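Every chain is numbered from 1 and lettered A, B, ... according to where its sequence line falls, protein lines coming before strand lines. Since we're looking at a predicted model, the values are computed, not measured.
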Protein chains: 2
Amino acid sequence: MANNLDGFFSALADPTRRAVISRLTTGPAAVSDLHAPHDMALPSFLKHLGKLESAGLIRSEKVGRVRMVHIEAAPMAEAEAWLKQQRRLWEGRLDRLSALAEHIEKEDRDG
Amino acid sequence: MANNLDGFFSALADPTRRAVISRLTTGPAAVSDLHAPHDMALPSFLKHLGKLESAGLIRSEKVGRVRMVHIEAAPMAEAEAWLKQQRRLWEGRLDRLSALAEHIEKEDRDG
DNA sequence: GATTTACTTAGCCATATGGCTAATAATCTT
DNA sequence: AAGATTATTAGCCATATGGCTAAGTAAATC
């Protein structure tokens with residue numbers, strides 16, 4: 001179970017690429033459609049798609065002269081899981097600290 | 001409500017920095033302690049801390065000649081929320097597709 | 001079959017990133 | 001006060017990143 005968190009996070013560390021992901025949550029689209037809203041030359045935009053694809057966040061197939069792109073869910077879930085776990089650990093520590101604080105408070109109160 | 005997702009995600013797009021975050025979920029630590037497990041010169045490591053701090057993921061204060069570092073939760077939650085929402089949208093679409101599929105299936109069955 | 005459409009490839013450029021060493025500063029410790 | 005610790009700053013270097021133009025390929029369309 002290699003973790004591709006490097007690729008996942010760096011792929012999402014760009015507004016153009018996050019916009020593409022957002023767009024793709026509403027359904028697959030052709031490269032030119034994805035490109036349209038972005039004020040950027042097509043080759044530049046293709047690099048972004050390339051990065052998303054090599055991070056495993058999207059996939060694409062060529063249909064005639066058009067390349068259709070769709071989102072891939074699993075990697076998003078993996079990144080989300082990492083964040084969730086870190087937060088859980090952090091909150092767990094807070095809970096223990098808070099329990100400790102209560103314990104100390106109780107000791108102070110009861111002697 | 002500016003979103004610092006760029007900074008957040010690119011800060012997490014590095015194993016050294018993710019390791020620091022993981023370590024900090026167990027509690028605050030001095031710079032030299034955080035540095036110890038990493039086979040890297042201290043100035044290089046400091047750049048990583050700097051990036052985490054400017055992304056808002058950690059904070060630090062100097063106590064004597066030691067700098068104590070602790071994690072900051074809110075930004076992690078923000079990044080996690082973004083991922084969660086994208087996944088929710090994506091899954092929502094799948095649900096609608098699946099509902100449509102059922103509808104069509106029903107039509108086929110019932111004429 | 002010529003033209004348009006939709007990418008694709010090649011290559012250039014500026015800046016950012018992630019590493020290093022060496023020198024400096026500030027604070028303990030002896 | 002001297003020395004050891006713990007950063008910090010300055011500056012160098014190689015590679016990665018994100019943008020561009022120009023030229024090429026492959027599939028529709030006229």
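Donor-acceptor pairing under 3.5 Å is lacking for the side chains of B:Arg59 and B:His70.
Classification of A:Asp14 and A:Lys51 as a salt-bridged pair fails, no side-chain N sitting under 4.0 Å from a carboxylate O. For B:Arg87 and A:Glu80, the salt-bridge test passes: some basic side-chain N is under 4.0 Å from an acidic carboxylate O.
For C:dT5, the OP1/OP2 oxygens have no side-chain nitrogen or oxygen of A:Ser32 closer than 4.0 Å. Between C:dT8 and A:Lys62, a contact under 4.0 Å exists linking OP1 or OP2 to a side-chain N or O.
Residue B:Arg18 contributes atom CZ, which lies 15 Å from atom C1' of C:dG18 at whole-angstrom precision. Rounded to whole angstrom, the span from the CG atom of B:Leu12 across to the P atom of C:dG18 amounts to 12 Å. If you measure from atom CD of A:Glu53 to atom C1' of C:dT8, you get 14 Å, rounded to the nearest angstrom. B:His35 places its NE2 atom 14 Å from the C1' atom of D:dT8, with the value rounded to the nearest Å. Across the protein-nucleic acid pair, A:Leu42 atom CG and D:dC20 atom C1' stand 13 Å apart, rounded to whole Å. Spacing between atom NE2 of B:His48 and atom P of C:dA16 amounts to 18 Å, rounded to whole angstrom units. Whole-Å rounding puts the A:Leu46 CG to D:dT17 C1' distance at 16 Å. The separation between A:Asp39 atom CG and D:dG18 atom P is 17 Å, rounded to whole Å.
For A:Phe45 and A:Val66, each mapped to the nucleotide of DNA chain D holding its nearest heavy atom, the one lying further toward the 5' end belongs to A:Phe45. If you find the closest nucleotide of DNA chain C to B:Lys51 and to B:Val63, the one lying nearer the 5' end belongs to B:Lys51. Nearest-nucleotide positions on DNA chain D place B:Lys47 closer to the 5' end than the other of A:Asp14 and B:Lys47.
Using modelled atom types, one side-chain atom of A:His35 and one backbone atom of A:Met40 make a donor-acceptor pair closer than 3.5 Å.
The closest side-chain heavy-atom distance from B:Ile21 to A:Trp90 is not below 4.5 Å.
Using a 4.0 Å heavy-atom distance criterion, B:Ser44 is classed as a base contact.
Residue-to-nucleotide contacts include no donor-acceptor pair under 3.5 Å from the side chain of B:Arg65 to the base of D:dT6.
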